[in-house]
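Residue indices begin at 1 and follow the sequence shown.
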Amino acid sequence: MNTPPNKIRTLTAFIGLSILVHLLVLFSLGRFGNYSFAAPVNPLQAVMVDLMKPSADASPVTNSDDHEYDHTDKVTKAEKVDDGNNAPLQREEISTPPPVMVKSQVEAEPVKPAVIEKEKAVVFTPSSEPTKDSPPTPSQQAALATVITPPIRTAGEFLTTKSEKLSYLVSLLGIPVGSAELEAKNENEEVRITLRVKSNAALASIYPVNDFFETRHIAGNFVITKISKQEGDSRSDIGFTLFLRDKRVFWFDRIRNRYSNEKIPNSEVLDALSGFFSLRNKALQIGQTETLHIYDGDNYAPLPIEIVRREMIRLPNLRKIDTLVIRPVKKNNGNSKNTSNLLIWLTNDENKVPVKVETSLPVGRVTAELISAESEP
């Protein structure tokens, strides 16, 4: 049985119209949101705020984040309907609605910076700013600015120049075997001293030597030292920090993964490099003994330095120079003295530049002679 064409067209038109109506309904639901036909609830009331012209009688409110807010005039707020009773909405007048942040007002009235009186080192906030006639209150006196403690040691105790660089030729039994470089800098009142000792190519193939010492003085209250040594097959890498004000030292060994926190007897304790530079700035007299308080990376010990004699020596450039010869003295069991085999020649002037160093090793006598010196006043 064939269906007449008119009926087919009519049926198609109704189906298309039904689909169109459903699409319109779905589009409306998506545009205006979902609807709930349960018991009605109280929607939030809209509050209009003029950001350009805040109300004159609006009182700012400051929250914990120091933002300023503005209150609008009285508004009404609908209460929620009692559950299950479907009672009519009740309204009451709210005099303090939720605060609304006004960005333009915050930008228009920036917070005044704190006022600091340098003479009394007291910090005042705008709300507690004193007048000219009234002195600071005890609570204001308690709000003292941060006071930086004065340094225990100053850069002038170690360096009289901005920088100094000394180069040495190291010889064993008169044969050149390596080089040494001693450098010190005063960088914004912070002292940095480094010493590098290296063997030359001829000795490095038999007995390589690569020693590095570095010490830094931070704010005159801390001394940070690193000591890295490679002598033949022996290696070490240690460091320590001297807390002069707290009178303690933190020591660590990077290779063996060990560390310790120890007490030191006084604030005069220094590492060996810093102690030597402080000795150079002292008035040395022949026959006298100067005592240095040295922590060498293993333990602390007072180290007496004897000023042995005055001597004229000739440098590698054939220049003769007047020097003072000094020698460290070791103590055995705290009483008996053992003269060290280390001798140091310092120029007999205000700079006291180390121009020669001699020491004895099992393989023979090692000598380091100054071949170059640079300094910046």
Side-chain angles (χ1 to χ4, degrees), residues 155-186 191 193-198 200 209 211 213 215 270-294 296 302-331 337-361 363-377:
E157 298 181 49
F158 307 95
L159 288 177
T160 57
T161 60
K162 185 177 180 180
S163 64
E164 182 183 59
K165 185 176 181 180
L166 307 175
S167 301
Y168 298 86
L169 176 65
V170 181
S171 303
L172 174 62
L173 300 175
I175 302 174
V177 293
S179 61
E181 184 177 275
L182 179 62
E183 186 174 5
K185 293 182 180 180
N186 180 357
V191 177
I193 307 172
T194 58
L195 172 62
R196 297 177 177 87
V197 180
K198 290 185 177 182
N200 56 20
V209 175
D211 296 344
F213 305 82
T215 183
L270 295 170
D271 62 287
L273 283 179
S274 301
F276 175 69
F277 272 79
S278 67
L279 180 68
R280 292 175 54 188
N281 286 332
K282 294 182 178 181
L284 304 180
Q285 301 293 331
I286 298 175
Q288 293 183 352
T289 300
E290 298 284 346
T291 301
L292 301 178
H293 300 272
I294 301 299
D296 60 359
L303 180 62
I305 305 294
E306 289 183 347
I307 294 86
V308 181
R309 62 182 182 271
R310 181 177 176 180
E311 182 179 343
M312 294 288 296
I313 65 171
R314 193 179 297 275
L315 298 178
N317 61 358
L318 303 180
R319 177 187 174 187
K320 293 185 68 174
I321 192 169
D322 186 19
T323 63
L324 293 174
V325 183
I326 64 174
R327 174 175 55 197
V329 176
K330 296 180 180 180
K331 287 186 177 181
K337 292 185 178 181
N338 178 22
T339 303
S340 173
N341 56 11
L342 177 66
L343 294 176
I344 304 175
W345 283 258
L346 305 176
T347 57
N348 190 16
D349 54 19
E350 60 181 6
N351 296 320
K352 296 182 178 62
V353 179
V355 294
K356 185 178 179 180
V357 180
E358 277 189 3
T359 186
S360 296
L361 297 178
V363 294
R365 178 168 290 274
V366 178
T367 304
E369 295 180 291
L370 182 67
I371 58 175
S372 174
E374 303 175 10
S375 64
E376 182 179 355

Q) Is there a side-chain contact between L346 and T323, using heavy atoms and a 4.5 Å cut-off? A) no
**Q.** V329 vs T289, side chain to side chain contact (heavy atoms under 4.5 Å, CB included): CA-CA, chis, key distance, verdict
**A.** CA-CA 9 Å; V329 176; T289 300; 5.9 Å; no
Q) Sub-3.5 Å donor-acceptor pair from the side chain of R314 to the main-chain atoms of R319, do we have one? A) no
Q) For the residue pair T161 and E376, what are the closest heavy atoms and their distance? A) CB-O, 3.3 Å
(Q) Please give me the minimum heavy-atom distance between G174 and P176, naming the atom from each residue. (A) O-CD, 3.8 Å
Q. Which distance, rounded to the nearest 0.5 Å, do you find between the OG of S167 and the CZ of R196?
A. 11.0 Å
(Q) Go through it in stages, so that I can follow the logic: the residues are I294 and D271, the test is side chain to side chain contact (heavy atoms under 4.5 Å, CB included), and I'd like the CA-CA distance, side-chain angles, deciding distance and then a yes or no. (A) CA-CA 5 Å; I294 301 299; D271 62 287; over 6 Å; no
Q) What do you reckon, is NZ of K282 surrounded by more than 12 foreign heavy atoms closer than 6.0 Å? A) yes
Q) If you look at every heavy atom in I371 and P316, which pair is closest and at what distance? A) CG2-CG, 4.3 Å
Q. Do E164 and L166 touch side chain to side chain, with heavy atoms closer than 4.5 Å?
A. yes
Q | Check against side chain to side chain contact (heavy atoms under 4.5 Å, CB included), T367 and T359 | A | CA-CA 7 Å; T367 304; T359 186; over 6 Å; no
Q) Should E183 and K165 count as an ion pair when the cut-off is N to O under 4.0 Å? A) no
**Q.** Approximate separation, where rounding is to 0.5 Å, of I193 CD1 and S274 OG
**A.** 4.5 Å
Q: Look at the side chain of N351 and the backbone N and O of V353, then say whether any donor-acceptor pair between them is shorter than 3.5 Å.
A: no
Q | Nearest heavy-atom neighbours spanning E290 and I307 | A | CG-CD1, 4.2 Å
Q: Please report the C-alpha distance between R280 and E157 in whole Å, then the side-chain angles of each, then the deciding distance to 0.1 Å, and finally whether the salt bridge (charged side-chain N to carboxylate O under 4.0 Å, His left out) criterion is met.
A: CA-CA 9 Å; R280 292 175 54 188; E157 298 181 49; over 6 Å; no
Q. So, for L159 and A184, which heavy atoms are closest and what is the spacing to 0.1 Å?
A. CD2-CB, 3.6 Å
Q) Taking the side chain as C-beta and beyond, is there a heavy-atom pair between V355 and L315 under 4.5 Å? A) yes
Q) Between OG of S360 and CG of L343, what distance do you get to the nearest 0.5 Å? A) 8.5 Å
Q) Do N281 side-chain atoms and F158 backbone N/O form a donor-acceptor pair below 3.5 Å? A) yes
Q: Check whether any side-chain heavy atom of V363 lies under 4.5 Å from a side-chain heavy atom of L173, and answer yes or no.
A: no
Q) Is the shortest heavy-atom distance from the side chain of F277 to the side chain of K352 under 4.5 Å? A) no
**Q.** Spatial distance of atom CZ (R309) from atom CD1 (I286) [nearest 0.5 Å]
**A.** 10.0 Å
**Q.** Shortest non-hydrogen contact from I344 toward P354
**A.** CG2-CB, 4.4 Å
Q | W345 side, atom CH2; M312 side, atom CE - distance, nearest 0.5 Å | A | 14.5 Å
Q) Going from CG on L292 to CG on L270, what distance comes out if it is rounded to the nearest 0.5 angstrom? A) 8.0 Å
Q | E311/K356 ion pair, N-O < 4.0 Å | A | no
Q | CZ (R365) with more than 12 external heavy atoms under 6.0 Å | A | yes
Q | Check against side chain to side chain contact (heavy atoms under 4.5 Å, CB included), N348 and R310 | A | CA-CA 8 Å; N348 190 16; R310 181 177 176 180; 3.3 Å; yes
